[in-house]
Amino acid sequence: MRIPFNKPYFTGKETQYIEDAVQSGKISGDGKYTMKCHRFFEDRYGFHKVLLTTSCTDALEMAAILIDIQPGDEVIVPSYTFVSTANAFVLRGAKIVFADSHPDHPGINEEEIEKCITPRTRAVVAMHYAGRACNMDKINSLAEKYGLYVIEDAAQAIDSYYNGKPLGSFGHLAAFSFHETKNIISGEGGMLVINDERLVERAEIIREKGTNRSAFFRGEVDKYGWVDIGSSFLPSDIIAAVLYAQLQNIDLIQSRRREIWNDYDKLLNPLAQQGFITTPYYPPGTTNNGHIYYLVCRSGKERDELMTHLKEQGILAVFHYLSLHRSLYYRDKHDGRTLPNADRFSDCLLRLPFYFQLKEKEIQYISRQINEFYKRRLL
Ligand SMILES: *Cc1c(COP(=O)(O)O)cnc(C)c1O
């Protein structure tokens, strides 16, 4: 058996909608399908304002421009995250103050944030790892106390909730990803959610190369020109056509992904009970959107051995996130604090194959192979 880590799932309507977009004669940004996607998100999740972008990375870069990050400003970012979470702010000259992960899960340890705040701190980035919400009550109350912006990196958090409210609706801004490896995909693609009304007008300008073109097309100004800095952050309507086909099937996709997650969890629970591995935990008030199934091994060495064992059985399991405070690019700029939890997840976390088409018998095979591996080990 050969089981890849990821396989994109297509609902069947993607090519039809691409064809339709092409036939309509307009495939640049903010066409018919982009508008349908915007409406979908605003209706389903009640987001104040959404704008499709070419990636989550771009949405984060827009966020950094929107909150006016200046050289020397500090931004608190978890170390255990994707590069873009920090890089977006570094592009504007920010100093990144890395926060450790929670001891029990890879997300930011809310208890560590306050210690990282200085008079130069401007923002906190909350990354919802595996769609599991950060403690937004705590983060938002700290932000209010110190006058900080909150940016959600919700790249992995589509269709997930915190205390009944959708992730992406807690920060001043939130960034989502539709990269091929996420639950809902358009190949490359992303979205900026603007929950703070004061940032909406400027968000449109930044997304349109620093021009007030969006207002012009709505007839609000009689000519458009260069009014601010910006870039080309809006995707072609072809991308939105693919995305819309996916969104129409979001409930189907999400329910299958949650099933896969639960199958893994049931089959691996005994190993966790015995203390060989740690499996993910979603506390009350958070939801599981079936984005990743991961396990945390007891050591980096054991993780690597398990990964090799699975590979020999045709199963591609992968780790990720070399903690950013130890990255080649940032380690000399980091303030030297050790972040043991982030390092432990870097060394010991392993993600199992996860995609819509994954069959029950494949999940059983993968779980059996993991059990086999631990049969020969001692506690
Ligand atoms: C996938 C991911 C990104 C980047 O998304 P792109 O759309 O590829 O730019 C950023 N942050 C996190 C946490 C991610 O998982």
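Numbering of ligands and ligand atoms starts at 1, following listing order. These figures come from a predicted structure and were not determined experimentally.
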Run Tyr17 and Tyr33 through ring pair (Phe, Tyr, Trp, His ring centres under 6.0 Å) and show every step you take.
CA-CA 8 Å; Tyr17 290 169; Tyr33 285 101; 5.3 Å; yes
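- Regarding atom 12 (C) of ligand 1, its nearest protein heavy-atom neighbour is Ala155 CB, 3.4 Å.
- At least one side-chain heavy atom of Asp153 sits less than 4.5 Å from a side-chain heavy atom of Thr81.
- Protein heavy atom in closest approach to atom 11 (N) of ligand 1: Asp153 OD2, 2.8 Å.
- Taking the six-membered ring where tryptophan is involved, the planes of Phe170 and Tyr162 are perpendicular, since the angle between them exceeds 60° and thus also 30°.
- Counting only N and O atoms by type, the side chains of His179 and Thr181 include a donor and acceptor under 3.5 Å apart.
- Residue Tyr80 does not touch ligand 1, judged by heavy-atom distances below 4.0 Å.
- Set against the non-hydrogen atoms of Met127, the atoms of ligand 1 under 4.0 Å away are 13 (C).
- Against a heavy-atom cut-off of under 4.0 Å, Gln156 is close to the following atoms of ligand 1: 13 (C), 15 (O).
- Taking the centre and axis of the six-membered ring of Tyr149, the NZ or CZ atom of Arg122 falls outside the cone set by 45° and 6.0 Å.
- Contact analysis puts Gly189 in contact with ligand 1, with a non-hydrogen atom separation below 4.0 angstrom.
- Residues Phe98 and Leu324 meet the side-chain proximity criterion, which asks for heavy atoms closer than 4.5 Å.
- Between the side chains of Gln156 and His128, no donor-acceptor pair of N or O atoms lies under 3.5 Å.
- Near Ser55, meaning under 4.0 Å from one of its heavy atoms, ligand 1 places the atoms 7 (O), 9 (O).
- With distances taken over non-hydrogen atoms, the option nearest atom 6 (P) of ligand 1 out of Ser186, Ser177, Ala154, Gly190 is Ser177.
- In terms of protein heavy-atom proximity, atom 3 (C) of ligand 1 is nearest to Phe82 CD2, 3.6 Å.
- Distances below 4.0 Å separate heavy atoms of Thr57 from the following atoms of ligand 1: 4 (C), 6 (P), 9 (O).
- No close placement of the Phe373 and Phe276 rings is indicated, their centers lying 6.0 Å or farther apart.
- Of the protein's non-hydrogen atoms, the one nearest atom 2 (C) of ligand 1 is Lys182 NZ, 3.0 Å.
- Ligand 1 is never approached by Phe176 to a heavy-atom distance shorter than 4.0 Å.
- The contact set between ligand 1 and Cys56, taken as ligand atoms under 4.0 Å from a residue heavy atom, comprises 4 (C), 5 (O), 6 (P), 7 (O), 9 (O), 10 (C).
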Please report the C-alpha distance between Tyr321 and Phe345 in whole Å, then the side-chain angles of each, then the deciding distance to 0.1 Å, and finally whether the ring pair (Phe, Tyr, Trp, His ring centres under 6.0 Å) criterion is met.
CA-CA 8 Å; Tyr321 302 151; Phe345 290 114; over 10 Å; no
